[in-house]
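See structure below.
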There are 2 protein chains.
Amino acid sequence: MNSHFSLAVHSLTLLAFQPDRAASSTFIAESASVHPVRIRKVLSLLKQHELIQSKEGAGGGFVLSRPPEAVTLWDVYQVTSKGTLQPRCPDENPDCSVGANMKHVLGSVFSDGEDVFGEHLDQFTIADMLKKCITN
Amino acid sequence: MNSHFSLAVHSLTLLAFQPDRAASSTFIAESASVHPVRIRKVLSLLKQHELIQSKEGAGGGFVLSRPPEAVTLWDVYQVTSKGTLQPRCPDENPDCSVGANMKHVLGSVFSDGEDVFGEHLDQFTIADMLKKCITN
DNA sequence: TATACTGTAATTATAAATATTACAGTTTTG
DNA sequence: CAAAACTGTAATATTTATAATTACAGTATA
């Protein structure tokens, strides 16, 4: 699983944690121990998919555009990581009936598997994640 | 998903394809378009878990130790890729209640998710994979 | 108009995956 | 018995993927 997903969930959970004020990329980056530019790239994706809003300039930053109860981990996964479950396969080898088809065959198994996995992720919201973090 | 998994499935399917004779690492490597040493490493794992048997020396190679109907993709996954679904998380940050717990919280969500995904993989056997490859 | 931000592109550095080389040990076969 | 065809594994080199860093244009605030 790529790290965009966990950074996205981290960021959204942090925004849910302080719903009153915008969080800057620097603030989020320090919380997640990564570089601010990396956060801005991930949040750029979330913004494109309207999970957050951003405001430029002094005092700007990021806020949620939906209540945290209305955003699931599956929503986030689809934005940041769709398709990454797929196993890496070597190039197709036309000289071998196994090598020629394995990529496609495993591809369909994992594509369905991603949907199954998605149903699991869909059970958890950002609000749930915040609750789990705080009560620990 | 790491590539050990797809190489393992590829190898096992190839062994199922020619049940009569042992396959050498060179033969399998050519089918999968990768280096023989890499195949030997993956097959070493499968051997440790008794999914295959190997024979050294001239005319040696690898054979299945169970019928292909009795090996599922979940069996293979557990040997080659257990835990790889887990998203990469940055180090825990004790100064932030979100940063301090996110890794653990996501960890449990993905651990359960891996089991759900496993139930999906468990529906497919190596025999199924071979059938899918051949009828394409 | 200085300051604190976002947004992005380009570059550099680091880490992970993969290939390659090397060689010891094991069977088979001529 | 010796050459050939294998496995097994370690060590090294290469390639690729990730991540950090730098740079800078644009925007809102005070």
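For the numbers below, each heavy atom of this structure counts, side chains included, while hydrogens, waters and symmetry mates do not. Since this is a predicted model, take the numbers as computed values, not measurements.
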ask   = Ring centres of A:Phe110 and A:Phe117 under 6.0 Å apart?
value =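 Here the rings of A:Phe117 and A:Phe110 have centres that are no less than 6.0 Å from each other.
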query = Does the gap between the ring centers of A:Phe124 and A:Tyr77 come in under 6.0 Å?
reply =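 No, the ring centres sit 6.0 Å or more apart.
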ask   = Counting only heavy atoms not in A:Gln48, do more than 12 fall under 6.0 Å of its CD?
value =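 Buried by this count: over 12 neighbours within 6.0 Å.
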key: CZ (B:Arg21) with more than 12 external heavy atoms under 6.0 Å   =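 No, not enclosed.
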inquiry  = Regarding B:Ser81 and B:His4, do their side chains bring together a donor and an acceptor under 3.5 Å, going by distance alone?
reply    =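 Absent: no donor and acceptor within the cut-off.
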inquiry  = For B:Thr84 and B:Asn2, which I'm curious about, is there any donor-acceptor pair between the side chains at under 3.5 Å?
reply    =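 Side chains of B:Thr84 and B:Asn2: no pair found under 3.5 Å.
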ask   = Near DNA chain C, which residues from residues 18-43 of chain B have a heavy atom under 4.0 Å away?
value =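 Within this stretch, B:Val34, B:His35, B:Val37, B:Arg38 sit under 4.0 Å of the strand.
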ask   = Pick the nucleotide of DNA chain D nearest each of A:Ala58 and B:Lys55; which residue has the one closer to the 5' end?
value =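 That would be B:Lys55.
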Whole angstroms only, please: what is the [atom1]-[atom2] distance between [X] and [N]?
X: A:Leu7; N: D:dT18; atom1: CG; atom2: C1'; result: 12 Å
X: B:Ile52; N: D:dG8; atom1: CD1; atom2: C1'; result: 12 Å
X: B:Asn2; N: D:dA17; atom1: CG; atom2: C1'; result: 15 Å
X: B:Glu56; N: C:dT29; atom1: CD; atom2: C1'; result: 17 Å
X: A:Gln53; N: C:dT6; atom1: CD; atom2: C1'; result: 14 Å
X: A:Asp91; N: D:dT15; atom1: CG; atom2: C1'; result: 15 Å
X: A:Leu46; N: C:dT6; atom1: CG; atom2: P; result: 14 Å

query = Among the nucleotides C:dA17, D:dG8, D:dG26, which one has an atom lying closest to any side-chain atom of A:Arg88?
reply =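 Output: C:dA17.
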query = Is any side-chain N or O of B:Ser3 closer than 4.0 Å to OP1 or OP2 of C:dA17?
reply =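 For B:Ser3, the contact criterion (side-chain N or O under 4.0 Å from OP1 or OP2 of C:dA17) is not met.
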query = Within the pair A:Ser54 and C:dG7, is there a side-chain N or O less than 4.0 Å away from OP1 or OP2?
reply =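 Yes, such a contact exists.
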request  = Would you list the pairs meeting ring-ring contact (aromatic ring centres under 6.0 Å, His included) in which at least one residue belongs to residues 18-63 of chain B, sequence neighbours left out?
outcome  =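 Applying ring-ring contact (aromatic ring centres under 6.0 Å, His included) to every pair that reaches into residues 18-63 of chain B, excluding sequence neighbours, yields nothing.
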ask   = Pick the nucleotide of DNA chain C nearest each of A:Gly60 and A:Gln48; which residue has the one closer to the 5' end?
value =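 That would be A:Gly60.
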